[in-house]
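Order of the sequence lines fixes the chain letters, A, B, ..., with proteins taken first and strands second; residue numbering starts at 1 for each chain. Computed from a predicted structure; not experimentally measured.
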Amino acid sequence: MNEKFLKPYNSAEAEERISKLWDESGFFNPDNLPTNTGALDSDGQPRFSKPFSIILPPPNVTGTLHAGHAMMLAVQDIIIRFERMRGKKTLWLPGTDHAAIATQSKVEGIIYKEEGKRRHDLGREELLKRVEQFAQNSHDTIVSQVKAMGSSVDWSREAFTLDEIRNKAVRTAFKQMYDDGIIYRGYRIVNWDVKGQTTISDDEIVYVEQKSKLYTFRYGKTETGEPFPIPIASGRPETKVGDVAVAVHPDDARYKQYIGKEYKVNFAGTQLTIKVVGDEAAQPEFGTGAVGVTPCHSMTDWDIAERHGLRKDLIVINEVGKMTEAAGPMVAGKKIAEARTTIVEWLKSEGLLEKEEDIVQNVTTAERTGGVIEPLPKLQWFVSATKRFTQKFGPNAGKETSLKELMLGAVRANGGEIEIIPDRFEKTYLHWIENLRDWCISRQIWYGHRIPVWYRTDASGKEEVFVGVEAPQNSADGVGAWKQDEDTLDTWFSSGLWTFSTLGWPDAWDPQANGGKGGARPGTDLALYHPTDILETGRDIIFFWVARMILMSTYLIGEIPFKTVYLHGLVLDGAGKKMSKSLGNVIDPLAMKEKYGADAFRLSLIIGTGPGNDSRISDDKIKGYRNFANKLWNIARFILSNTTGESETNKPSAGILIPPAIDYDPAFSAFSDADSKLIEELDALIVEITKEMEEYKFYIVAEKLYHYAWDKLAADILEDSKKIFAAGDAAAIRSRQQFLLRALDRLLRVLHPFIPFVTEEIWSHIPKSKNRTVGLLMISEWPE
RNA sequence: GCGCGGUUAGCUCAGUUGGUAGAGCAUUCCCUUGACGUGGGAAGGGUCAGAGGUUCGAAUCCUCUAUCGCGCACCA
């Protein structure tokens, strides 16, 4: 027997060796799985013929992987290894995400800290070079971390959201959406991130509570010399120099008489024209019941202005967060905070300020840069949620629909095919879609997919727009050259294509197939692996990502991107706190692997965690599962030493009976009554956990196996075996030996998806025999 | 404001068709040289947040309350 078994399980040594074995086998790539062996899979099909696929949610190239990533990798690897053992042709496709804003702002931060330079000091080309270098380093780290966790992904198919293949997919998608009128350019109010100097979508906003003041006041004198009749309330009086109207509820008896009237008022040194309008958006209970309408600096006010045909060109705050000339001489050029002080002082001095209250205000900030968001009107590109168009591909080709309808119809709660686990998130998803507004997709940053739109001015001075997959040719007729749009696309635009851009779309797609309903070209990955079987991801990106993949996939190829969505929660520290660098409570997966082994770390991330719930992880917990790996090691040691006819130590075996060497015989049937019962028990357990595996209840399966191995097999059966071996009844000994080998064989198989390294390591030390010529555990059969 | 989730042993959590409360860690005591001290045995510890209801029977189903957390909306 191998000397290794005389020492505690050495995870570091074993993991390195096993990683190499797996790598060399090539079995992470489904193309290399051994077919034509005559064996059947769990569905009765030839083994490794029926596809099963997961596309890895691509980690951002903004840094290194954390415990949350480790959990995601563990869950997906469990699913993949389970399905592979059940005989599926399993593809787990890895990749990374360029994460446009996140990555660029991170690199900009580093450059500013180290060199004191900003974006425009470097220029587009130089900045991109630096960002790409950073992304490359980050990518390399991520790849090594994914490997370290034992993740059985197919590296030969690795993808990047910003590589050339994915860029082609993005341009193709954009073009089709533009042609269908789903993508449009519009002058609308958008979220402007002053710090990041870019627009962002509604989903990239976070509200931060802040103590602030609510001022109640009136505009200054009207043309008659009387003060403006209606008092208004505002937390941002500096924006009031941009007001064009006052909105009151149409039924509000206090103000009804003023509706429709227009006043010229003096306000902070500037002249405003204020019309009183009746609009349901004004709530009589709030403040004075009257709203000062600032169309260019508030989303809701912009909508009010739209409804009443008010002017929408009075811009009083600019892109760097300062007051414009149009704001009037008193505040022009000042920063927002200064302007507010100035205006409040002015209101006081004029006796116009009626009330000043302390309130808690939600300040709108950008998730990535932390900067304040100023709503500003800008010419940007949008994806329409509601525009009607004719579905090109799939079973519903020819039918009229909208993106919102496609997204709503895809989930099970609405009669669709996609199941979300846990199911309560289906409601969350639907609620979000129902309130969905048009998606602003253009960004004023440099790192990302350049918008595939070109402009030129024709001879008559009119702007021409070209949208295409490839750049347009410049003509030699003296007309101005085409110039590509400076902006890049929201990173989620390319992420939305991820399930099929990674499988070869658009080249693998044949629009003419199926009588014009479209289809994947035969033999391509797209044909074989799409729709993917399951999307496993964090519940925090259900809107960002899950919804957009459903959007892109159903729209572009008329197919759902995945059948099941499995959402996991956040991984918190031992005290229930979110991990963050500033708190110093971040758990580094590589450090845990070194200390306790990847298996122990994986198990600690799985046990005690249901889908969608947050989980906690601590050193103690991981340590507990490191002990389990060792327990399994010693179970194997006992079983092997009592079936090979060898003493388990080098010492002379004084007075200890060593059972004779035997060959494991899967067909052995002469079991004692006691052993028959044990077999029934174990078989029943396997049936039970197989069902739970299919229901994605990994936390329950892992715990059951843990207890079987420790409390049943080790504590009861092995102890009992010692007595049987000592008693000397040859038939009973033989029966027990066969049972033990059988139990070890079964246990290693079912534990393999959870703790792949230690199980594969033990497996490799089971002596070969006439009945046992199998190779790697990772492609062995799941016991039925 | 609307919605969702949690509240079970000191701590972290299981408990899936309602049938006399479970695990890990922690605590206390004991044991142990032949699989394993990364071990073994044992013990203590819970009116399952509260109230009401349905039921022969409720941690489990219903209603309300409290409390914590999350999402969405509002934020003039």
Item checked: Pairwise P distance for G52(B) and C30(B), with rounding to whole Å -> 46 Å
Item checked: Span that lies between the C1' atom of A21(B) and that of U28(B), in whole angstrom -> 23 Å
Check: Counting side-chain heavy atoms from CB outward, which of A35(B), C75(B), G39(B) is closest to K722(A)?
Finding: A35(B)
For atom [atom1] of [X] and atom [atom2] of [N], their distance in whole Å:
| X | N | atom1 | atom2 | value |
| --- | --- | --- | --- | --- |
| I205(A) | A73(B) | CD1 | P | 9 Å |
| I635(A) | A35(B) | CD1 | P | 13 Å |
| K704(A) | A14(B) | NZ | P | 15 Å |
| I542(A) | C70(B) | CD1 | C1' | 13 Å |
| I606(A) | C13(B) | CD1 | C1' | 15 Å |

Next item on the list: Give me the one residue out of I550(A), D438(A), L551(A), L408(A) that meets side-chain contact (heavy atoms from CB on, under 4.5 Å) with L403(A).
Entry: L551(A)
Expected output: side-chain [X] to main-chain [Y] donor-acceptor under 3.5 Å:
| X | Y | answer |
| --- | --- | --- |
| E262(A) | I274(A) | no |
| R218(A) | F228(A) | yes |
| N10(A) | E13(A) | yes |
| K240(A) | A268(A) | no |

Is there a side-chain polar atom (N or O) of [X] under 4.0 Å from OP1 or OP2 of [N]?
| X | N | result |
| --- | --- | --- |
| K427(A) | C4(B) | yes |
| W710(A) | G24(B) | no |
| N627(A) | G39(B) | yes |

Next item on the list: Tell me which of S298(A) and P8(A) sits closer to the 5' end of RNA chain B, going by the nucleotide each one is nearest to.
Entry: P8(A)
Next item on the list: Begin from the C-alpha positions of H765(A) and F5(A) and carry the test side chain to side chain contact (heavy atoms under 4.5 Å, CB included) through to its verdict.
Entry: CA-CA 9 Å; H765(A) 290 297; F5(A) 280 100; 3.5 Å; yes
Check: Which stems does RNA chain B form, counting runs of 3 or more consecutive Watson-Crick or G-U wobble pairs with both distances under 3.5 Å?
Finding: B:1-7 with B:66-72, B:10-13 with B:22-25, B:27-31 with B:39-43, B:49-53 with B:61-65
Check: Less than 3.5 Å between a donor and an acceptor, one on the side chain of K697(A) and one on the base of U16(B), is that the case here?
Finding: yes
Notebook entry, point to check: So, H249(A) versus D279(A): side-chain donor-acceptor pair below 3.5 Å or not?
Noted result: no
